Peer 1: 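Handing you a structure now.
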Amino acid sequence: MTSHDFFQRWKQLSQPQQEAQKIFKANHGMDTEVLKAKLLGLGSALLEDVDPNPENYVCAGVIQTKGQQVGCLLRLEPNSQAQMYRLTLRCSKESVSKRLCELLAEQF
């Protein structure tokens with residue numbers, strides 16, 4: 001997915017209930033390779049050179065359940081100086097963004 005495609009889709013998921021954001025202290029070290037492995041472990045695609053800030057991580061994926069598919073976009077913005085993150089999720093199903101954001105924040 002190109003940067004243009006990602007941010008076009010990001011803008012399409014603009015309803016307030018489609019977005020969840022959390023700012024939190026790092027629970028673990030902020031090692032780049034560990035972060036990448038965790039993000040890839042979600043089953044999403046880690047998109048390189050998409051965010052204008054090269055320090056940020058951007059992912060796209062689809063959660064498949066028995067009855068539906070939910071598209072999810074993720075943006076993880078580390079602040080290594082403050083040892084904090086800002087995690088933003090936008091999903092096509094309203095209830096998924098908030099719950100997924102809560103679960104993922106515990107992993108970083």
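The shown structure was predicted, so the numbers you read here are calculated from the model rather than taken from an experiment. When reading the values below, keep in mind they use all heavy atoms of this one structure, side chains included, and skip hydrogens, waters and symmetry mates. Along the sequence shown, residues are numbered consecutively beginning with 1.
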Peer 1: What I'd like to find out is whether the side chain of N56 reaches to under 4.5 Å of the side chain of P78, using heavy atoms alone.
Peer 2: yes
Peer 1: Do Y57 and M1 share a hydrophobic cluster, counting only Ile, Leu, Val, Met, Phe, Trp and Tyr and linking them when any side-chain heavy atoms are less than 4.5 Å apart?
Peer 2: no
Peer 1: Between the main-chain N or O of K98 and the side-chain N or O of K22, is there a donor-acceptor pair closer than 3.5 Å?
Peer 2: no
Peer 1: Looking at C72 and L100, what are the two nearest heavy atoms and their distance?
Peer 2: SG-CD2, 4.1 Å
Peer 1: Measuring from E77:CD to E55:CD, what's the distance to the nearest 0.5 Å?
Peer 2: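 Rounded to the nearest 0.5 Å, the CD-CD separation comes out at 11.5 Å.
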Peer 1: I'd like to check C59 versus L73 (side-chain heavy atoms, cut-off strictly below 4.5 Å). Are they in contact?
Peer 2: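 Of all side-chain heavy-atom pairs linking L73 with C59, none is under 4.5 Å.
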Peer 1: Is there a side-chain contact between P52 and F7 (heavy atoms, below 4.5 Å)?
Peer 2: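 In contact.
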Peer 1: Quick check for you: to the nearest 0.5 Å, what is the distance between S92 atom OG and I63 atom CD1?
Peer 2: 8.5 Å
Peer 1: Measure the OG-CG distance between S44 and L74 for me, rounded to the nearest 0.5 Å.
Peer 2: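 So the OG of S44 and the CG of L74 are separated by 6.5 Å.
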Peer 1: Tell me, do E19 and L13 make a side-chain contact under 4.5 Å, heavy atoms counted?
Peer 2: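 E19 vs L13: side chains apart.
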Peer 1: Answer yes or no: are there more than 12 heavy-atom neighbours, outside K38 itself, under 6.0 Å from its atom NZ?
Peer 2: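 Yes - once you tally the heavy atoms of other residues, nucleotides and ligands closer than 6.0 Å, there are more than 12.
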Peer 1: Is there a path from L76 to I23 through hydrophobic residues (I, L, V, M, F, W, Y) whose side chains come within less than 4.5 Å of each other?
Peer 2: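 Per the 4.5 Å side-chain linkage, L76 and I23 are not co-clustered.
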Peer 1: Is it the case that one hydrophobic cluster holds both W10 and L89, taking links as side-chain heavy atoms less than 4.5 Å apart, direct or via other members?
Peer 2: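 Looking at the clustering, L89 is in a separate group from W10.
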Peer 1: What is the minimum heavy-atom distance between K36 and L46, and which atoms define it?
Peer 2: CG-CD2, 3.6 Å
Peer 1: Check whether F108 and V58 end up in the same hydrophobic cluster, where Ile, Leu, Val, Met, Phe, Trp and Tyr are linked by side-chain heavy atoms less than 4.5 Å apart.
Peer 2: no
Peer 1: Between atom CZ of R90 and atom CD of Q18, what is the distance when rounded to the nearest 0.5 Å?
Peer 2: 8.5 Å
Peer 1: Do V34 and M84 share a hydrophobic cluster (ILVMFWY, side-chain heavy atoms under 4.5 Å, transitive)?
Peer 2: no
Peer 1: Atom CD in Q21, atom OG1 in T88: separation rounded to 0.5 Å?
Peer 2: 3.5 Å
Peer 1: Where do D49 and S3 come nearest, in terms of heavy atoms and distance?
Peer 2: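 Heavy-atom minimum between the residues: O-CB, 4.3 Å.
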Peer 1: With no hydrogens and no angle check, is any side-chain donor or acceptor of D51 less than 3.5 Å from a backbone partner on P54?
Peer 2: no
Peer 1: Between M30 and Q83, is there a side-chain heavy-atom distance shorter than 4.5 Å?
Peer 2: yes
Peer 1: In Å, rounded to the nearest 0.5 Å, how long is the span from NZ of K93 to CD of Q69?
Peer 2: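 Answer rounded to 0.5 Å: 13.5 Å.
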Peer 1: For residues Y85 and G29, report the shortest heavy-atom separation together with the two atoms involved.
Peer 2: OH-O, 4.1 Å
Peer 1: Considering non-hydrogen atoms only, spot the tightest contact between V50 and T2 and give its length.
Peer 2: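 Here V50 and T2 meet closest at CG2-C, 4.4 Å.
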